[in-house]
Undergrad: 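Take this structure first; my questions come after.
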Protein chains: 2
Amino acid sequence: MSKPAARTRLADAAFALFDERGYEQTTVDDIAERAGVGRTTFFRHYRSKEDVIFPDHDRMLEQIQDRLATSSHATALAAVSDAVRLVLLHYLAEGDLARRRYRLTSKVAALRDREIASVARYQRLFREFIANWMGDSTESASLRAELMAAAVVAAHNHVLRRWLRGESPDPVAEVDEAMREVLSLFPGPRSPSETGDGGTTVVAFRTGQDLDLLLPSLRRLVEGQTGQ
Amino acid sequence: MSKPAARTRLADAAFALFDERGYEQTTVDDIAERAGVGRTTFFRHYRSKEDVIFPDHDRMLEQIQDRLATSSHATALAAVSDAVRLVLLHYLAEGDLARRRYRLTSKVAALRDREIASVARYQRLFREFIANWMGDSTESASLRAELMAAAVVAAHNHVLRRWLRGESPDPVAEVDEAMREVLSLFPGPRSPSETGDGGTTVVAFRTGQDLDLLLPSLRRLVEGQTGQ
DNA sequence: TTATGAACGGTACTCAGTACCATTCCGGTG
DNA sequence: CACCGGAATGGTACTGAGTACCGTTCATAA
């Protein structure tokens, strides 16, 4: 008699039943029964019915936290981009499982909300990391941290969803490209080595944009992100 | 005997009990009892226990949808910024109620998740509106829509949270400023009226930034948002 | 007055999640 | 081998949210 750890059997049974009858139409009793274990055992392995579908978000969050804590990047945004890359890789490693979960979350509002809440925790982590990194506790720096975290997470979600829908043959390349896009939105401060005469660039262009709209961007380009 | 619509009494009773004993320690029976109505009546007025705290997110969402549908703005981002301003005003109109809710959501994970899920619905609405507006269904346009929606929502949340914590004396001015910041992140396309010779501007500046990082921004500035 | 429909209250049910207790299984120790 | 101790398991019973259904009350209009 093989005993694939009960935990595995529970997850298999759960996904199978969710596919057959739908999430709400499946009770925990059903899952336990099909897995051939008692109801109590189910709740020993998974804190809740939803947890069968999102088993390792907690572990992932810690992993990301560690990665950020030990990261050595030139900018906060680079560190966070690197960390969010880890999240994507985790999903990719799950392969088909991630896609089955996606199909479920697309249909069941409760699961979608749960997923969103998890992502929000990443975003919060990023925001705090960036704000902390910048040191600067002014209101505008804080807003900037918020915008950066939101952008990184949005870019990640964008690529992830594309992959989950089977629209992205190479999500890793896409996420890297998307992160470049994000980085380009937030011109960083000039590093000390760049403040010499060597780093000078002159650009001339023409635009119909309102000057008021353009000013903040230009100010940051010239003064660095602590400006304003 | 005054009968303030029962619904109001239920909400009052709920908030009072949540403050006294905490959210989880309060049952729906408790709320109904204090409001002087039956348990059934509670669920007639509010779909769930959480709903007492977030009574009109649904209505708000529709209101925003209407606003977007009938909006006449030069750019999608301007329309969305205007719409999200409505959300902020709604919170401000709630006054102290919004602050009590914030205190609750700060403590109770389930409520925080619920709030986050609501905000995500706004973001989704914005993303679809922007993507639709742009027409352009390329991958990079889609990513851009995602980033814009995320930025607008993040900026709104930032100002809202500041106000909820009592850190913002003039949130309306702050949200306008924050939206300008967001707009400045995403240089828009030049409108037809601006393509004439009259709108020409020449800017020269010096930067230590890597050229690769700068290029996408510049390209968009020159070619408009459909570029890439 | 009666008719009608909306709001209400009560009962009974399902199901998620918790608490507790008894049992079994398994490896180590005497 | 007999015994022990812990870990995994299963069962029972409970709380509380949410649903379904039914009978009653109450206001208003005819």
Side-chain angles (χ1 to χ4, degrees), chain A residues 1-18 20-55 57-58 101 104-105 107-115 117-118, chain B residues 1-55 57-58 104-105 107-115 117-118:
Chain A
M1 266 314 106
S2 59
K3 282 188 69 183
R7 184 182 167 86
T8 315
R9 278 195 321 230
L10 279 166
D12 289 345
F15 270 92
L17 285 168
F18 293 163
E20 291 173 18
R21 323 179 191 171
Y23 180 79
E24 275 113 350
Q25 284 65 45
T26 303
T27 72
V28 173
D29 282 293
D30 296 336
I31 301 171
E33 189 186 358
R34 174 170 299 203
V37 301
R39 198 178 107 93
T40 312
T41 300
F42 175 91
F43 283 106
R44 272 206 198 85
H45 286 282
Y46 300 98
R47 276 177 302 198
S48 70
K49 189 178 162 188
E50 296 176 358
D51 243 40
V52 193
I53 307 183
F54 309 101
H57 257 146
D58 287 354
R101 188 193 304 130
L104 281 175
T105 53
K107 282 181 191 151
V108 184
L111 298 179
R112 187 166 45 239
D113 289 356
R114 163 78 181 252
E115 173 94 70
S118 296
Chain B
M1 267 311 110
S2 60
K3 282 188 68 183
R7 183 180 169 88
T8 314
R9 282 198 321 248
L10 279 167
D12 289 345
F15 270 92
L17 286 169
F18 293 164
D19 282 342
E20 290 173 20
R21 324 180 189 170
Y23 179 78
E24 275 113 350
Q25 283 66 44
T26 303
T27 72
V28 173
D29 283 292
D30 296 336
I31 301 172
E33 189 186 357
R34 175 169 299 204
V37 301
R39 199 178 108 91
T40 311
T41 300
F42 176 91
F43 283 106
R44 272 204 197 88
H45 285 283
Y46 300 99
R47 275 176 303 199
S48 71
K49 190 177 161 188
E50 297 177 357
D51 245 40
V52 194
I53 307 185
F54 309 101
H57 258 147
D58 287 355
L104 280 175
T105 52
K107 283 182 190 147
V108 185
L111 298 180
R112 187 166 45 239
D113 290 357
R114 164 75 183 253
E115 173 93 69
S118 296

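Labels below follow one simple rule: chain letters A, B, ... track the order of the sequence lines, proteins then strands, and each chain is numbered from 1. Model, not experiment: these values are computed from the prediction.
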Undergrad: State plainly whether the residues B:R47 and B:D58 are in salt-bridge range, i.e. N to O under 4.0 Å.
TA: yes

Undergrad: With nearest nucleotide decided by heavy atoms, which residue, A:G38 or B:R44, maps closer to the 5′ end of DNA chain D?
TA: A:G38

Undergrad: Round to the nearest Å and state the distance from B:Q25 atom CD to C:dT18 atom P.
TA: 14 Å

Undergrad: Sugar-phosphate atoms are those with a prime plus P, OP1 and OP2; base atoms are the rest. Using that split, label each nucleotide of nucleotides 13-18 of chain D B, S or - for protein heavy atoms under 4.0 Å, 5' to 3'.
TA: ---SSB

Undergrad: Rounded to the nearest Å, what distance is computed from the CZ atom of residue A:R21 to the P atom of nucleotide C:dT14?
TA: 16 Å

Undergrad: Quick check: does any side chain N or O of A:Y46 sit under 3.5 Å from a backbone N or O of A:L10, one acting as donor and the other as acceptor?
TA: no

Undergrad: With a cut-off of under 6.0 Å to the ring centre and 45° to the axis, is A:K107 in cation-pi contact with A:F18?
TA: no

Undergrad: Are any of the side-chain nitrogens in B:D30 or B:R21 under 4.0 Å away from the carboxylate oxygens of its partner?
TA: yes

Undergrad: Using atom types as modelled and distance alone, determine if a side-chain donor or acceptor of B:R34 lies under 3.5 Å from a backbone N or O of B:A13.
TA: no

Undergrad: Please tell me if A:H45 has a side-chain N or O lying less than 4.0 Å from either OP1 or OP2 of D:dA8.
TA: no

Undergrad: Should the side chain of B:T41 and the base of C:dG9 be counted as holding a donor-acceptor pair, with the cut-off at 3.5 Å?
TA: no

Undergrad: If I take atom CG in residue A:D30 and atom C1' in nucleotide C:dT14, what distance separates them, rounded to the nearest angstrom?
TA: 12 Å

Undergrad: Write down the distance between CZ (B:R7) and P (C:dA6), rounded to a whole number of angstrom.
TA: 18 Å

